[in-house]
Number of protein chains: 2
Amino acid sequence: MKKTSRDKLLDVTFEEVYRLGYCGAGTASILKKAGVPKGSMYHHFSSKKEMVLAMIEERLIPKVRDFFDFEMKKESSALDVMEYTLKKMSKNKMLIAHGCPLHRLMFEMGSIDKDIAQACEVEFQNISQNLARLLNFGMREGTLQKGNVEEMSGFIIASTWGFLSRPLGLSSKEQFLKDTEFLLTSIKKY
Amino acid sequence: MKKTSRDKLLDVTFEEVYRLGYCGAGTASILKKAGVPKGSMYHHFSSKKEMVLAMIEERLIPKVRDFFDFEMKKESSALDVMEYTLKKMSKNKMLIAHGCPLHRLMFEMGSIDKDIAQACEVEFQNISQNLARLLNFGMREGTLQKGNVEEMSGFIIASTWGFLSRPLGLSSKEQFLKDTEFLLTSIKKY
DNA sequence: TAATTAGTAGACTGGTCGGTTTAGTTTATT
DNA sequence: AATAAACTAAACCGACCAGTCTACTAATTA
């Protein structure tokens, strides 16, 4: 199964935008890395912006949903699921070193392009709601402190994004796990 | 006391880089907003990068030190100082809406320019150390949970930056205060 | 097989980027 | 007042930006 030009473009666009940001990522270097000529790009997408919007839907969001997967599995507690999720994130070197790609792009685009920022915000809301559902379960289950689940889930994601955006030299798996340990103590019920 | 061209340039550079990022901020629009011709800019600075580095030292860092001012004043506890600092931050509309300018720039430049990223990281370390001193005091004083002060101060700043980088529509003074309330419960001693 | 569509290919465009150059104007020094 | 240094002013430069254009080839359908 050979990769199509469209697929190559979306893959490289994800990498370049993750690394350099929307403004920093140039179409020329994306094209070169993907080994795709300009005409093909503008055949598949009407503009750089449209290509990035497609990349968000087809690459960024699926990846981020995989990181922030708060589905209840097996017979585990809500707290177990959170700990498992955070541990899984800590193993992703790119995530630890360069932060959450959704956070990066959303943060950059806030004052630059509303459509792109909006696409990111919608997914933030989605993740937040998934986590809220898990928190609700944990509260009824008795492993988590009671409180406003929407506020709490936003708090958890925002602080997690904060941990992931530490300066490069100070960002490590160990550091992230320590940070999240602090975080969990603030919502656990003893 | 008239503002010099250099001062105007640094002021506008701060605003533009804060709003649009380093890559997004163009010299042309900085020059136009400052009402300064190009020749003057390149008389005072050898490049855009050097101008931004000067802006970091002379504008960004002083501002950020004012936000994250953890000096013990009066006869208050370490916890009081933290609460006061967070409250003061919550009143700054730009900070709430667009995040911490130091965080923004550091995050963007990580993979783009090491010198600029480094300048930001050094200041992060500095703020972190100031907070660590306060935490140390709070621990001896008995208002804060004992633990590794360096880890804890990094955790506090990282999560605070996270709160400040929420999506625009969901970022408010109230939300920030709720977030920081959660945060404080994780380090307070009861 | 003929016609149509989907996709490839890359030269090219106009505008903007950061940066240079040269000339002129202030301001400070002697 | 003479000189030098600090600064202003804007035309200019090549490189690069996103985006267009026309020509071509591969795959699909009639």
Side-chain angles (χ1 to χ4, degrees), chain A residues 1-56 58-60 105 108-109 111-117 119, chain B residues 1-56 58-60 105 108-109 111-117 119:
Chain A
M1 188 61 187
K2 231 184 88 187
K3 252 200 241 179
T4 65
S5 287
R6 195 172 180 282
D7 279 332
K8 284 188 226 164
L9 283 170
L10 291 178
D11 288 343
V12 177
T13 299
F14 172 80
E15 286 166 21
E16 290 287 288
V17 171
Y18 187 17
R19 205 165 54 90
L20 305 169
Y22 179 81
C23 294
T27 51
S29 86
I30 291 173
L31 259 11
K32 197 179 168 187
K33 286 198 180 179
V36 167
K38 201 160 241 188
S40 304
M41 169 184 160
Y42 282 95
H43 169 74
H44 292 289
F45 310 103
S46 64
S47 65
K48 176 189 176 184
K49 175 175 165 175
E50 288 301 321
M51 183 164 74
V52 169
L53 283 168
M55 177 278 280
I56 292 170
E58 300 174 39
R59 295 290 185 279
L60 200 157
L105 192 54
E108 181 193 1
M109 299 315 281
S111 320
I112 293 177
D113 186 287
K114 288 207 167 184
D115 298 320
I116 296 178
Chain B
M1 186 65 186
K2 230 184 90 190
K3 253 201 241 181
T4 66
S5 288
R6 194 172 181 281
D7 280 330
K8 285 189 224 162
L9 284 170
L10 290 179
D11 288 343
V12 177
T13 299
F14 172 80
E15 285 165 21
E16 290 288 287
V17 171
Y18 186 18
R19 205 165 54 91
L20 305 170
Y22 179 81
C23 294
T27 52
S29 86
I30 291 173
L31 258 12
K32 196 179 169 188
K33 287 199 179 178
V36 167
K38 203 161 241 192
S40 304
M41 168 184 162
Y42 283 96
H43 168 75
H44 292 289
F45 310 103
S46 63
S47 65
K48 176 188 178 185
K49 175 174 164 176
E50 288 301 321
M51 183 163 73
V52 169
L53 282 169
M55 177 276 281
I56 292 171
E58 299 173 40
R59 295 290 184 279
L60 201 157
L105 192 54
E108 180 193 3
M109 299 315 281
S111 319
I112 293 176
D113 187 288
K114 288 208 167 184
D115 297 320
I116 296 178

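Throughout, protein chains are lettered first and strands after them, A, B, ... in sequence-line order, and every chain is numbered starting at 1.
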From NZ of B/Lys49 across to P of C/dC17 the rounded distance in Å is 20 Å
Report task. Establish, with yes or no, whether the OP1 or OP2 oxygen of C/dT8 is under 4.0 angstrom from a side-chain nitrogen or oxygen of A/His44. Result -> yes
Separation of D/dT20 atom P from A/Phe45 atom CZ, nearest Å, is 15 Å
Would you call B/Asp7 and B/Arg59 a side-chain contact if the rule is heavy atoms closer than 4.5 Å? yes
Walking DNA chain C from its 5' end, the first of A/His43 and A/Gly39 to be reached, judged by nearest nucleotide, is A/His43
Closest heavy-atom pair, A/Ser5 versus A/His44, reported as atoms and distance to 0.1 Å, is CB-NE2, 4.3 Å
In whole angstroms, the gap separating P of C/dT20 from CE of B/Met41 amounts to 10 Å
Problem set entry | Main-chain N/O of A/Ile116 paired with A/Lys49 side-chain donor or acceptor, under 3.5 Å | no
When rounded to whole Å, the NZ to C1' distance for the pair B/Lys32 and D/dT8 reads 20 Å
Taking for A/Gly26 and for B/Gly35 the nucleotide of DNA chain D with the nearest heavy atom, the one nearer the 5' end belongs to B/Gly35
Worksheet item: Any donor-acceptor pair under 3.5 Å joining the side chain of A/Lys38 to the base of D/dA18?
Response: yes
Contacts of A/Ser46 and A/Ser29 projected onto DNA chain D by closest heavy atom; the upstream (5') one is A/Ser29
In whole angstroms, the gap separating P of D/dT20 from CG of A/Leu31 amounts to 14 Å
Among the nucleotides D/dC17, C/dG19, C/dT8, whichever has the atom closest to the side chain of B/Lys48 is C/dG19
Quick note, B/Tyr42 side chain, CB onward, closest among D/dG19, C/dG18, C/dA9 is C/dG18
* Phosphate OP1/OP2 of C/dT8: any A/Ser5 side-chain N/O under 4.0 Å -> yes
For this session: With the side chain counted from C-beta on, respond yes when A/Leu9 and A/Leu31 share a heavy-atom pair under 4.5 Å apart, and no when they do not.
Result: yes
note: B/Glu16, atom CD; C/dT16, atom P; distance rounded to Å ~ 16 Å
message: Counting only side-chain nitrogens and oxygens, does B/Thr27 get under 4.0 Å of the OP1 or OP2 atom of C/dG18?
response: yes
* B/Tyr22 side chain reached by B/Val52 side chain, heavy atoms, under 4.5 Å -> yes
When rounded to whole Å, the CZ to C1' distance for the pair A/Arg6 and C/dA9 reads 20 Å
Between CD1 of B/Ile30 and P of C/dG19 the distance, given in whole Å, is 11 Å
Of the candidates C/dG19, D/dT8, C/dT8, the side chain of B/Ser40 sits closest to D/dT8
